[in-house]
Amino acid sequence: MAATSLGPGPARREVLTRRIRLLVAATLTYNAVEAAAALTAGSMASSTALIGFGLDSVIEVSSAAAVAWQFSARDHADREARERRALRIIAFSFFALALYVTVDSLHTLTGSGEAGHSIPGILLAALSLTVMPFLSAAQRRTGRELGSASAVADSKQTLLCTYLSAVVLLGLLANWLLSWTWADPVAALTVAALAVKEGRDAWQGKGCCAPAAPAAAPDTAGRHPALDATGKRPALDTCGCGPGCACC
């Protein structure tokens, strides 16, 4: 009986690999510019929220750089060998983000610092809230089709940056319009909790999402190779992932 091939063929895999490289390059470039702008605006306004936003962009750059390093390998086997190390770097990026946001939020809630008014910061957060979801969705779709857990994990890091953009935007607006200095740190603590969860998933290698296998023919004894011990086909989730493969 011929073996059934899972995932995209070599030609399609190379197309998806090139797409991942382009998306990672775009993410790296955008976040580098965003980090510089946010840190500058945050320093000028003495805004801990904006400074934290800028440091998040630095962390996002490290996560995207790990994926860029993985996919810089020309050979498919080499890219797969680098995946676990890339996932470890992404996981540490999530944990570092969670730690900083938690400390910064508690610092603000105890009255040791407040998010200052910053129109440039509001505009920057609004721009990121518009751009980052598209980058995240494109990389997540490509990573799922390619079956790359690291690409999917990095897309989650980008999506988390989107959430943080929303938190910073709401916090700066609430502080500017309503003088609610507590709004930003409270919402940011929720983002920190999400970052811990995503970091744990990345550390465990969750997020693989290879395409479902085509139906295979029964063997010579009449048994279907895709059936479980009870004689039933194992259920696939909406991503096409079977048991043991945690889909994002």
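Between L16 and R19 the shortest side-chain heavy-atom distance falls below 4.5 Å. Residues T162 and L135 fail the side-chain proximity criterion, which asks for heavy atoms closer than 4.5 Å. Using a 4.5 Å heavy-atom threshold, the side chains of S72 and R82 count as touching. For the pair D201/K197, a side-chain contact is recorded, criterion being any heavy-atom separation below 4.5 Å from C-beta on. Side-chain atoms of S148 and E83, non-hydrogen and from C-beta on, do get closer than 4.5 Å to each other. Contact annotation: the side chain of F94 never approaches that of R200 to less than 4.5 Å [non-hydrogen atoms, C-beta and beyond]. Q139 places none of its side-chain heavy atoms less than 4.5 Å from the side chain of V152. In this structure, the side chains of R12 and V15 come closer than 4.5 Å at one or more pairs of heavy atoms.
Applying the side-chain hydrogen bond (donor to acceptor under 3.5 Å, both in side chains) definition to pairs two or more places apart or across chains, those involving residues 120-129 are Y30-S128, E34-S128.
Closest heavy-atom contact between V24 and A64: CG1-O, 3.1 Å. Minimum heavy-atom separation, S62 to I89: O-CG2, 4.0 Å. Residue V196 comes nearest to F95 through the heavy atom pair O-CE2, 3.7 Å, listed as atom of the first residue, atom of the second, then distance. Listed here is the closest heavy atom pair of W203 and R88: O-NH1, 2.6 Å.
Other residues sharing a hydrophobic cluster with F134 under the 4.5 Å side-chain heavy-atom criterion for ILVMFWY residues do not exist; the residue is a singleton.
Scanning for salt bridge (Lys or Arg N to Asp or Glu O under 4.0 Å) contacts around R21 gives an empty result, with sequence neighbours left out.
A donor-acceptor contact shorter than 3.5 Å links the side chain of S136 to the backbone of S155.
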